[in-house]
Amino acid sequence: MGDLLKIKGGKPLQGQIKAGGAKNAMTKLLVASLLSDKKCTFYNVPNIGDVEITVNLCREIGSEINWDKKNHTLDIVTHELKTSYVPQRYSGSNRIPILMIGALMGRTDEDIIVPTLGGDMLGSRPVDLHIHALQKLGAKIEYRDMKKEGAYLAHAHHGLKGAVLSLNYPSVGATENTILAAVRAKGTTLIKNAAIEPEIIDLILFLQKLGANIMVDVDRTICIQHADQFHEVEHTIMTDRNEVASYAMCALSTKGRVFIEGAEHLQMIAFLNKIREIGGGFKIKQNGIEFFYDGKLKGGVHIETDVHPGFMTDWQQPFAVLLTQANGTSVIHETVYENRFGYASTLKEMGADIELFTQCLGGKSCRFASGDHHHSLVVKGPSTLHGKEITIPDLRAGFAYVMAALLAPEISTISNVEYLDRGYEDLVGKLIALGADITRVSQPKKHIDKTKNAIQNLLTIDKTLASV
Ligand code: EPU
């Protein structure tokens, strides 16, 4: 059994916190460092579960890593690859293993083997776009059913060659995987309809320091030229815009005032527009952004999640909680994932007035228009939320529950806290610093069975691979 959070809400959050480095940048940069044998030093490294998992994964591959958690610095060097098998125990851990294909392909002629994907269950989360793009560069990739679960086998025995390709959808992961592979592919690669999220730009900045030549055009085209001369890198991780938005919404919904040091204006434009639309207060300062309650919050807004520069899908869960405190009816149309409203039923049980719809409500007709996925949400506010026992299903829903619990005057008990540890550094410490009544209750951990299962998985896949 994992740890529990106990939260007694009803207090306005007040004070100052510092936002950490971005989870979805740092994890990719660790993988990107595998492209060369040069030392890479990172600053502003968040001390979170997903970085821990990725560090362990890189160590398996052969990286030497020094992580000074107190000072948020980390250096990594991978003189040579020890293996190109990503062990099965990393399956289900996060979305990183699949990126190993792009990063390792230019570095080894051996087969690269990665387990089936993990990450939050937000829909089917296929990897077809990754596979097709890498195949365009000359990779041979196949999916093998194993005894317990599958793995991807990839290689480029004759090397990768630059190509022109177009993604059917600007997927973040597929864009990253393709960029990584393209850096060492011979010639030039053009990725059309690429994702241009700030975390991808951070990856490009890192790769440029490493030795790559990459151009981003205004029409979502990314051009990558072959590189074979690499350099040592020092890189400061961009601020986590999800963490910033999460605490901002806590400040506004609890009628408080919070200054978030490190919050970067440029990454928050779409978010700040919506905050202003509902009457929330914010002030951009020299080294961060202050968010404050500025009188009654207004509902009646329409939010459509989208790829960058649109409103992030990772912001919509806490935004739904925020809208339970606004006067009027609002709509959220989720267009990135088909199944990202799983948290709504728990919020309803806490007192929120929410309904889900399979239709595309407002705005454009999205990829999920003809399916039966509940991907539109209507929320009426204001509502009084009540405390509850809650189990977290994924990271962002988890934060939405914490936020709802901070609004409820009764005690809420929240389990599966490990999901939050994956993406939020020192959540409890930061909330306490803002005056929240929150405690983390440690529970005994059942290590033994998990370890046994992981070893069994490894033995199974190694045996199967030996026979292919
Ligand atoms: N998709 C495909 N085929 C593919 C890849 C993606 O159909 O081959 C679909 C997905 O099923 C989804 C959509 O495309 O419907 C978007 O997926 P994308 O590949 O863009 O997302 P991702 O790389 O898996 C990253 C973040 C997510 C964030 C999304 C969108 C990481 C580790 N994860 O996921 O972050 O929501 O981009 O911005 O970078 C989180 O931090 O909590 C989180 C889920």
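All ligand and atom numbering here is 1-based and tracks the order in the structure. Index from 1, following the sequence.
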Peer 1: Applying the side-chain contact (heavy atoms from CB on, under 4.5 Å) criterion to Phe271, which one of Met249, Arg276, Arg241 satisfies it?
Peer 2: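 Among the candidates, only Met249 passes.
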Peer 1: Counting heavy atoms only, name the option from Asn339, Asn24, Ile131, Asp240 that's nearest to atom 33 (N) of ligand 1.
Peer 2: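 Nearest option to atom 33 (N) of ligand 1, by heavy atoms: Asn24.
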Peer 1: Is there a polar contact, in the sense of an N or O pair closer than 3.5 Å, between Tyr337 and ligand 1?
Peer 2: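 By distance alone, the answer is yes.
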Peer 1: Specify side chain, backbone, both or neither for Asp128, according to which of its non-hydrogen atoms lie closer than 4.0 Å to ligand 1.
Peer 2: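 Looking at Asp128 and ligand 1, atoms from backbone and side chain both fall under 4.0 Å.
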Peer 1: Quick check: does Phe368 get an N/O under 3.5 Å from an N/O on ligand 1?
Peer 2: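 No; every N/O pair is 3.5 Å or more apart.
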Peer 1: Once rounded to the nearest 0.5 Å, what's the spacing between atom NZ of Lys18 and atom OH of Tyr247?
Peer 2: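 That separation rounds to 13.0 Å.
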Peer 1: Are His375 and Phe368 an aromatic pair by the rule of ring centers under 6.0 Å?
Peer 2: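 Ring-ring flag for His375/Phe368: true, centres closer than 6.0 Å.
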Peer 1: Atoms of ligand 1 less than 4.0 Å from Gly173 heavy atoms?
Peer 2: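 Result: 19 (O), 23 (O).
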Peer 1: I'd like to check whether Arg367 has a polar contact with ligand 1, where a contact means an N/O of the residue lying under 3.5 Å from an N/O of the ligand.
Peer 2: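 For ligand 1, there is an N or O atom that lies under 3.5 Å from one belonging to Arg367.
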Peer 1: side-chain hydrogen bond (donor to acceptor under 3.5 Å, both in side chains) with His235: which of Asp202, Thr41, Asn44?
Peer 2: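 So, applying the side-chain hydrogen bond (donor to acceptor under 3.5 Å, both in side chains) to His235 and each of Asp202, Thr41, Asn44, only Asp202 qualifies.
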Peer 1: Could you see which bit of Lys23 sits under 4.0 Å from ligand 1, with heavy atoms only: side chain, backbone, both or neither?
Peer 2: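 Under 4.0 Å from ligand 1, Lys23 contributes side-chain atoms alone.
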Peer 1: Side chains of Leu4 and Arg440: closer than 4.5 Å at any heavy-atom pair?
Peer 2: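 They are not in side-chain contact.
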Peer 1: With heavy atoms only and a cut-off of under 4.0 Å, state how Glu199 meets ligand 1: side chain, backbone, both or neither.
Peer 2: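 None of Glu199 does.
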Peer 1: Only heavy atoms of Thr313, strictly under 4.0 Å: list the atoms of ligand 1 that pass.
Peer 2: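 Numbered from 1, ligand 1 contributes 30 (C), 36 (O).
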Peer 1: Return the option from Leu99, Val336, Asp394, Thr54 holding the heavy atom at the smallest distance from atom 12 (C) of ligand 1.
Peer 2: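 Ranked by closest heavy atom to atom 12 (C) of ligand 1, first place is Val336.
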Peer 1: Distance alone, cut at 3.5 Å: any donor-acceptor contact between the side chains of Arg367 and Thr335?
Peer 2: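 The answer is no; no qualifying pair exists.
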Peer 1: Is there side-chain contact between Gln317 and Phe399, with heavy atoms separated by less than 4.5 Å?
Peer 2: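 The answer is no, as the side chains (C-beta and beyond) never meet within the 4.5 Å cut-off.
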Peer 1: Going from CG on Asn168 to NZ on Lys192, what distance comes out if it is rounded to the nearest 0.5 angstrom?
Peer 2: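 The CG atom of Asn168 sits 13.5 Å away from the NZ atom of Lys192.
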Peer 1: Which atoms of ligand 1 are found less than 4.0 Å from any heavy atom of Lys28?
Peer 2: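 Numbered from 1, ligand 1 contributes 31 (C), 32 (C), 39 (O).
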Peer 1: Judged on heavy-atom distance to atom 7 (O) of ligand 1, which of Gly398, Gly310, Pro126 sits nearest?
Peer 2: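 Residue with the shortest heavy-atom distance to the ligand atom: Pro126.
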Peer 1: Would you say ligand 1 has an N or O under 3.5 Å from any N or O of Glu338?
Peer 2: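 Among all N and O atoms of Glu338, none is under 3.5 Å from an N or O of ligand 1.
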Peer 1: If the plane angle is over 60° it's perpendicular, under 30° parallel, otherwise tilted; pick one for Phe311 and Trp315.
Peer 2: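 Because their plane-to-plane angle is over 60°, the rings of Phe311 and Trp315 count as perpendicular.
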Peer 1: Is it the side chain (CB and beyond), the backbone, both or neither of Leu129 that lies under 4.0 Å from ligand 1, heavy atoms counted?
Peer 2: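 The answer is both, backbone and side chain.
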Peer 1: I need the atoms of ligand 1 closer than 4.0 Å to a non-hydrogen atom of Leu395, numbered in the order shown.
Peer 2: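 Heavy-atom distances to Leu395 below 4.0 Å select 42 (O).
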Peer 1: Would you call Ile214 and Gln208 a side-chain contact if the rule is heavy atoms closer than 4.5 Å?
Peer 2: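 They are not in contact (no side-chain heavy atoms under 4.5 Å apart), so the answer is no.
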Peer 1: Mark the output for Glu176 as yes if a heavy-atom distance to ligand 1 is under 4.0 Å, and as no if none is.
Peer 2: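 The answer is no, since Glu176 has no heavy atom less than 4.0 Å from ligand 1.
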Peer 1: Does any N or O atom in Val172 lie less than 3.5 angstrom from one in ligand 1, N or O only?
Peer 2: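 Between Val172 and ligand 1, an N or O pair is found under 3.5 Å apart.
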Peer 1: Step through it carefully: locate the ring centre of Phe42, locate the ring centre of Phe206, and say whether they are under 6.0 Å apart.
Peer 2: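 Yes, the ring centres sit under 6.0 Å apart.
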Peer 1: Just which atoms of ligand 1 are under 4.0 Å from any heavy atom in Tyr169?
Peer 2: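 Counting atoms of ligand 1 from 1, those under 4.0 Å from Tyr169 are 13 (C), 14 (O), 16 (C).
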Peer 1: Is it true that the side chains of His155 and His157 contain a donor and an acceptor less than 3.5 Å apart?
Peer 2: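 There is such a pair (donor and acceptor under 3.5 Å, judged by atom type) between the side chains of His155 and His157.
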Peer 1: May I ask you to check whether Tyr401 and Tyr343 place their ring centres under 6.0 Å from each other?
Peer 2: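 Not close enough - the centres of the two rings lie 6.0 Å or further apart.
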Peer 1: Side chain or backbone, does Ile96 bring an N or O within less than 3.5 Å of an N or O on ligand 1?
Peer 2: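 N/O-N/O distance under 3.5 Å: no.
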Peer 1: Quick one: does His308 get within less than 4.0 Å of ligand 1, heavy atoms only?
Peer 2: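 No.
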Peer 1: Does Arg340 have a heavy atom less than 4.0 Å from any atom of ligand 1?
Peer 2: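 It does; at least one heavy atom falls under 4.0 Å.
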Peer 1: What do we get for Arg396 next to ligand 1 when only non-hydrogen atoms under 4.0 Å count, side chain, backbone, both or neither?
Peer 2: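 Side chain only.
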